[in-house]
Every structure is written in C-alpha cells, then in structure tokens.
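Every value quoted in this text rests on a predicted model; they were computed, and no experiment measured them. Start at 1 and go down the list; that is how both ligands and their atoms are numbered. Nothing fancy with the numbering, it's 1 onward along the sequence.
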Amino acid sequence: MNEQNILIVRCGEVALKGMNKPYFERMLVDRIRAALRRFHGVDVQRHEGLIFIRADKSQDIEQIIRATSRVFGVASISKAVEAPSELDAAGEAAVAYMLELIEKRGVKTFKVEAKRADKNCPVKSPEIGRIIGAKILIGCKVLKVDVHEPDVRLHVDVRHDRTYIYESKIAGFGGLPLGTNGKGLVLLSGGIDSPVAAFMMAKRGMLIEAVHFHSYPYTSPRAQEKVEELARILASYCGSFRMHAINLLPVQEQIVQNCPEEETTILVRRFMMRIAARIAAENGCMMLITGENLGQVASQTAEALVVTDASVSLPVMRPLIAMDKIDIMDKAQEIGTYETSIQPYEDCCTVFLPKHPTTKPRLERILRSESRLDCEALIEAAVSAEEIIEIKAGDA
Ligand code: ATP
Ligand code: MG
C-alpha cells in the first residue's frame, strides 16, 4: 500500500509560542532533520500544525522513531497510514491496518477514535467513527467493538486533503528545540547529578558545552573516560559538543598548603566556578550549569551555595536545586546516564577531602584565606593548560 513509512510528530509546547511559533517550528524541523541525517530517503515537512516524517521502507523505522523521540521539542510521535480524505478510501486503509494488527498481535477488539481537523468536512467526528467502525467489522470478521477496554484504539484523523490512521502515541521528552535559548557551560563531574542538570537545561533549548576537572595523576585516565562516556550519552540528545578538561591539582595543592583544612572544599569549588566562568567567556556561554542540590553535601548547604555563588558574576543555573535524590536518580535512569554514573571511580573532589568540612562558611573568612593565594595566576595557568575533547553525537 504505502511505499513509505509515515510518522506524525506533535510539537507540544512549541505550538503555544504565538507570534514566534513559525521560528520555533522551523528550528524543530531543522533539529529533526539533523537527527535523522544518517538515514537515507527521509523527508521532514511541516503541514497543518504537525510535522510529517516520510521514510523509505528500506530504512529502520524503529531507529528513526528512537532518534526523533530524543529531539527536544517533540511531544509525541505516531506511526501512521495515510489515505485520501474520503470515507471509502479511509475505510479501506483502516481495514488493511487492522488486518495487519490481527496477524501480528492477535488483536480481537477495537474502538475507533475519529477526529476532524477539517471543519469543512460535512460528516461529524462521531459519525465518521461509526462509518469507519462498520467498515472494519465487515472487513475483519474476527473483530468486535469494545468501547471500554479495546485491544486497539484506532485513531482516524481527518484533515483537509488526507486522513491519517494510527494506533498509539510514543512519548518524546517535550521541551524546546536546541539552539532557541543560548549556550551554557555545564560543570560535568562523573556523578549522577550533573548529567541530569545538563539534560534539563538542554531540554529547554540551551546548547551545551562542558568543563570537567580532574586531579591527574591522583585521578586516573579511566575516571575521565567515564565522564567522556557520560558526555557522549548527553550528546545523543544535545548533539556534538566540546568538553574542556582541566587539571585542578596545582590549585588544590596551593589551597592545601596555604589555607585552613576545613575550608578546602569550598575554596576548591570557588576556583572551579571561576575557571568555568573564564572558559564560558571565551566560548560564548552565557551561564554556568551545575548539578548542585540543596543540602546534599557540605558544599551545598545554603551558606555554602551563597559563598560559591559570590565567586562569579555570570548566572549559575542549578536545575536540580530542589529535587530529592531519588527523583534525580529516576531521571538519570530515564535518560540513560545512571549506569555509567554509578561506576566507582575517584573524583577530583575526593582528593584532599577535609575531615570536617565547614558547612556554614562565611564569605569574609573565605576571602581572607584566598588572599594568601595568587588566584589570578592559578586560574590563568589552569585554563591555558586545558585539553579540549570533541564529544561526537552518535558515538554513545
Ligand atoms: P554529581 O553532582 O555530578 O553527582 P557530585 O554530587 O559528586 O557529582 P558534588 O561534589 O556534589 O558532585 O559537586 C556539585 C556539582 O559541582 C556537580 O554537580 C558538578 O556540576 C560540579 N562538579 C563537581 N565535581 C566536578 C568535576 N570534577 N568536574 C566538573 N564539575 C564538577
Ligand atoms: Mg551532587
């Protein structure tokens, strides 16, 4: 029947954008095209408030659905069959569709859910449902109607020139198309939280670049490979991006030698922020993004966050700030980073960990401790020794 597979993509929030809707829709179509570039014979077009993907039957449609569902801005996807908007033809297509489901899944009951986007169509939705339902009962003798718990809810969406028939909606992540909200620099550790934080900001349309701090040779190359692996999983949503790897050891050594032990953690965090701010400025990133979460550890008490925040002037986004750990872990599972995050490798923060880190640091005291260090030279040296790693989408 159809030479091509057809997917209907619904745009969710993009559809609410009023005057800016055409811009967001164009961005979304561009992102879907980019995500599907590796498949041949795929066409993506906007039409009547929906996005249609047509793919040659030789292409793996399940893979195409998976790739599309990862594009931010996509609310849901349906695999559909297309027929002319004329009830006999639509009925025939519906019968063929149901015969295939009977053969594949042994379907026994169904219900037709008809919808009429074309209000010029003289037949009203319930009537369309009854007509198509009757045709299915004649064409598929084994089927019965069940309006309460049918095996299949068959959607018949009558539009101006075409009618689309589909069974279910596959959920996307929603959000807004990448590139509609600037670029942010995520401080990416190997933990559970920061990949989730990056995902959440990217889902709102923000392009991502990353910085990772290590303490080589105290931390191993394998620990950094784990972070690169996490970055590749992120890239399957956010597209390719760059990761700046910074050796923090010289900074940590200076802090340990010159400052009170209990302040080590908070001082290290302020240096991370300032180095990140420098990298952000040099790479067009408007904000920093961290996986910080109120009260999670000593460095994330309210007082510690205030002191950390005071180290930089650009905005720091903390999308996980008020979430419970269990919910962050669920999110990590959902986006596929959890298994990698829980691999046990040392992090630079665990090197020189103080026995009793201060949980209520005071800014004046921290500034006094920092005055014993040549902060500017340390930051400069760390940034100029950076290693840049290209994280490629599609390598995960
Ligand atoms: P995660 O928050 O990713 O699970 P974590 O909880 O061990 O790791 P914390 O020590 O609580 O991390 O640090 C809070 C935030 O600081 C992290 O979410 C991350 O954004 C940033 N951060 C910590 N360590 C690093 C690092 N080695 N490189 C880059 N950013 C880091
Ligand atoms: Mg954390």
Could you tell me whether [X] and ligand 1 have an N or O pair separated by under 3.5 Å?
X	value
S299	no
L187	yes
V297	no

Considering all heavy atoms, the nearest [X]-[Y] contact:
X	Y	value
R38	A67	NH2-CB, 3.8 Å
L154	A94	CD2-CB, 4.0 Å
L248	V268	CD2-CG1, 3.7 Å

What atoms in ligand 1 come closer than 4.0 Å to a heavy atom of [X]?
X	answer
G291	17 (C), 18 (O), 20 (O)
M272	24 (N), 25 (C)
F213	26 (C), 27 (N), 28 (N), 29 (C)
C348	27 (N)
T290	20 (O)
Q300	9 (P), 11 (O), 13 (O), 14 (C)
V211	29 (C)

**Report entry** Per atom 15 (C) of ligand 1, closest listed option by heavy atom (R269, H244, M329)
**Finding:** R269
Requested in this report: For atom 1 (P) of ligand 1, state which one of A245, A298, S189 supplies the nearest heavy atom.
Outcome: S189
Taking the side chain from [X] and the backbone from [Y], do they hold a donor-acceptor pair closer than 3.5 Å?
X	Y	result
S85	R162	yes
N258	Q254	yes
E13	G175	no
E92	K135	no
D151	T109	yes

Should the proximity of [X] to ligand 1, defined as any heavy atom under 4.0 Å, be assigned to the side chain, the backbone, both, or neither?
X	result
S194	both
L188	backbone
V186	neither
H214	neither

**Report entry** Side chain proximity check, S78 to H155, heavy atoms < 4.5 angstrom
**Finding:** no
**Report entry** Validation row: P195, S341 side chains within 4.5 angstrom (heavy atoms)
**Finding:** yes
